[in-house]
Number of protein chains: 2
Amino acid sequence: MPDTSSCQFEQRPRRLVMGAVGLQPDFCKMCNVRPSSVCSAIDDADISRLSDAAVETIVPPGRCFIEEGEPATDFFNVTSGTVKLFKALPDGRRQITGFAGPGHFLGLAVSDRYAFGAEAVDTVRLCRFSRERMRTLLDDFPRMERRLLEEASNELVAAHNQMLLLGRKTARERVASFLLDQANHGELNSAGQLHLPMTRGDIADYLGLTIETVSRTLSWMRAQGMIDVGKGYAITLLSRERLESLAEGED
Amino acid sequence: MPDTSSCQFEQRPRRLVMGAVGLQPDFCKMCNVRPSSVCSAIDDADISRLSDAAVETIVPPGRCFIEEGEPATDFFNVTSGTVKLFKALPDGRRQITGFAGPGHFLGLAVSDRYAFGAEAVDTVRLCRFSRERMRTLLDDFPRMERRLLEEASNELVAAHNQMLLLGRKTARERVASFLLDQANHGELNSAGQLHLPMTRGDIADYLGLTIETVSRTLSWMRAQGMIDVGKGYAITLLSRERLESLAEGED
DNA sequence: ATGACCCCTTGATATAAATCAATGCAGAGC
DNA sequence: GCTCTGCATTGATTTATATCAAGGGGTCAT
């Protein structure tokens with residue numbers, strides 16, 4: 001059962017129907033509003049419609065749940081875990097266009113087919129809506145449309161940054177940019193380590209490099225004293241300053 | 001004076017105030033609605049507010065009208081001509097993130113600073129709004145918000161395609177993809193030629209290549225009989241089929 | 001006309017990153 | 001205990017593309 005502790009509806013039990021389907025906390029996250037402002041805008045009929053619309057889904061690591069080119073039936077909001085989004089060429093070359101963490105939307109596009117594939121990096125929890133119902137939700141909750149526009153704008157900025165990276169940065173600059181992005185968006189653990197849920201292959205496909213180049217670059221950074229590569233997927237950033245100047249090509 | 005022939009308001013002259021400031025046809029384009037549905041939703045007070053909000057701007061070729069990192073005061077809708085959008089690194093390396101033609105929006109981002117620069121490729125006509133007023137326009141015309149979301153979604157799809165191109169395609173595949181994109185989005189002239197308004201340098205900065213590689217690749221395609229490179233910026237696609245299989249790496 | 005400038009093309013060479021190859025390590029299954 | 005498999009690291013070599021360099025053909029101002 002989803003955590004509802006951050007939402008204050010203990011006094012209004014009927015409202016918890018939403019929580020029961022995993023919708024309420026996610027819906028708050030989607031709309032980026034306080035739960036109370038969402039709930040004051042809906043009535044009992046809405047509740048049943050919303051409950052009906054959302055399904056909580058759990059996807060195991062490595063499982064692909066959106067196939068590029070398939071009919072786009074669903075719309076997702078990531079609740080926990082990390083998803084990789086990718087596009088592929090017929091001969092198997094693959095470009096990961098982004099990693100989506102908690103709060104991110106998938107399947108926004110206007111097209112009736114998915115423009116990308118999506119695969120769980122680790123265990124992923126999703127809030128799934130049918131796109132058809134999504135459309136009626138948007139009519140009823142105009143805030144949500146604004147929220148989606150905001151999200152799309154942010155993704156667009158990220159995409160443009162990534163285009164600069166892919167088109168004009170060297171391997172070292174790419175890896176430095178990636179580590180800093182990850183450190184800014186994800187959280188560091190208690191030891192100050194950055195936990196990267198994805199494999200070297202995923203990083204390579206995200207940065208437009210090969211596995212070997214990513215590995216060599218990380219080794220070089222370690223030799224330079226910029227980072228410490230721990231066991232598994234943990235990395236410590238020892239000199240954020242040097243990584244930053246490297247990432248922007250100031251060297 | 002802007003062309004109003006596509007809008008049917010000859011019988012309601014007062015409405016032409018909008019056309020007088022270059023707003024009305026552009027506004028229709030922005031909202032992607034028939035002029036009548038826009039105008040039925042507004043009254044005289046709205047007209048003066050809208051007229052006030054929009055300014056028609058003409059930008060000469062090569063003129064940069066958005067500086068990356070400057071405060072984002074305005075919001076633009078391209079009326080005619082082609083704009084190049086770009087991001088740059090401190091040492092001068094540049095990535096063109098897209099070319100914006102008639103109907104495209106600029107300055108959508110949530111941030112209070114422009115995330116990219118914009119420069120006119122040829123003579124560009126723009127409809128300019130202050131972002132502050134844009135916000136109130138969005139409140140009054142909810143259709144517009146949906147239209148912007150649609151636009152942003154389409155741009156996101158284009159950005160992801162470009163990431164695949166920049167990260168994983170060879171020079172030949174990149175140039176082939178570019179030519180086909182241009183042929184699909186722009187119009188061919190009467191001789192079946194594609195007119196590219198941008199220089200080889202712009203194409204290179206868009207495709208993550210150098211001028212020399214773009215030039216050599218076009219020469220190679222000509223030698224292969226895929227294209228014909230005319231005088232100036234005109235190119236004829238002789239075998240769209242071969243270009244398509246090349247663009248997707250099927251060779 | 002002349003020179004300056006910009007853009008494009010083509011050739012020769014250099015290099016960053018890919019590819020090919022070998023090895024090590026850790027977890028899963030038997 | 002084993003082997004098998006996937007992932008990561010490191011080394012040797014290749015290659016696609018960048019860089020360096022030269023020359024041609026416009027256009028514009030003098």
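Just so you know, these numbers come straight off a predicted model, no measurement behind them. In what follows, chains are A, B, ... by sequence order, proteins preceding strands, each numbered from 1.
Counting non-hydrogen atoms under 4.0 angstrom, A:Arg172 reaches nothing in the nucleic acid. B:Ser219 comes within 4.0 angstrom of sugar-phosphate atoms only, judged by non-hydrogen atoms across all strands, and of no base. Within the nucleic acid shown, B:Ser215 comes within 4.0 Å of at least one base atom, counting heavy atoms only. Looking at heavy-atom distances under 4.0 Å, A:Gly208 makes contact with sugar-phosphate atoms alone, never a base. Residue contacts shown for B:Thr210 include a base, since a base heavy atom lies under 4.0 Å away. B:Leu218 comes within contact range of no nucleotide atom at all, as no heavy-atom separation falls under 4.0 Å.
Remark: P of D:dC7 and CG of A:Asp202 are 9 Å apart, rounded to the nearest angstrom. The CD-C1' distance, from A:Glu212 to C:dA16, rounds to 14 Å in whole Å. One atom, CD1 of A:Ile227, and another, P of D:dA8, lie 14 Å apart when rounded to the nearest Å. What separates CZ of B:Arg93 from C1' of D:dA18 is a distance of 13 Å, to the nearest Å. Atom-to-atom, CZ of B:Arg222 to P of C:dT9 comes out at 7 Å; the value is rounded to the nearest Å. Whole-Å rounding puts the A:Leu209 CG to D:dA16 P distance at 18 Å. One can place CD1 of A:Ile211 at 17 Å from P of C:dA17, the figure rounded to the nearest angstrom. Whole-Å rounding puts the A:Asp205 CG to D:dA8 P distance at 12 Å.
You'll find the side chain of B:His195 stays beyond 4.5 Å of the side chain of B:Asn189, heavy atoms only.
Of the candidate nucleotides D:dC20, C:dT9, D:dT9, D:dT9 has the atom nearest to the side chain of A:Val229.
With hydrogens and angles left out, the side chain of A:Arg200 and the base of D:dG6 share no donor-acceptor pair within 3.5 Å.
Toward the 5' end of DNA chain C, the nearer of the two residues B:Arg168 and B:Met198, judged by each one's closest nucleotide, is B:Met198. Between A:Arg216 and A:Tyr233, the residue whose closest nucleotide on DNA chain D is further toward the 5' end is A:Tyr233.
Ring-plane geometry between B:Phe75 and B:Phe105 is classed as tilted, the angle between the planes lying from 30 to 60 degrees on a 0 to 90 degree scale.
Close to C:dC8, at under 4.0 Å from its OP1 or OP2, lies no side-chain N or O of B:Lys231. Look at B:Thr199 and you won't find any side-chain N or O under 4.0 angstrom from OP1 or OP2 of C:dC7.
Here A:Glu173 pairs with B:Arg93 in a salt bridge; the nearest charged N to carboxylate O distance falls below 4.0 Å. No salt bridge links B:Asp205 with B:Lys84; every basic N to acidic carboxylate O contact stays at or beyond 4.0 Å.
Ring centroid separation for the pair A:Tyr206 and A:Phe99 comes in under the 6.0 Å cut-off.
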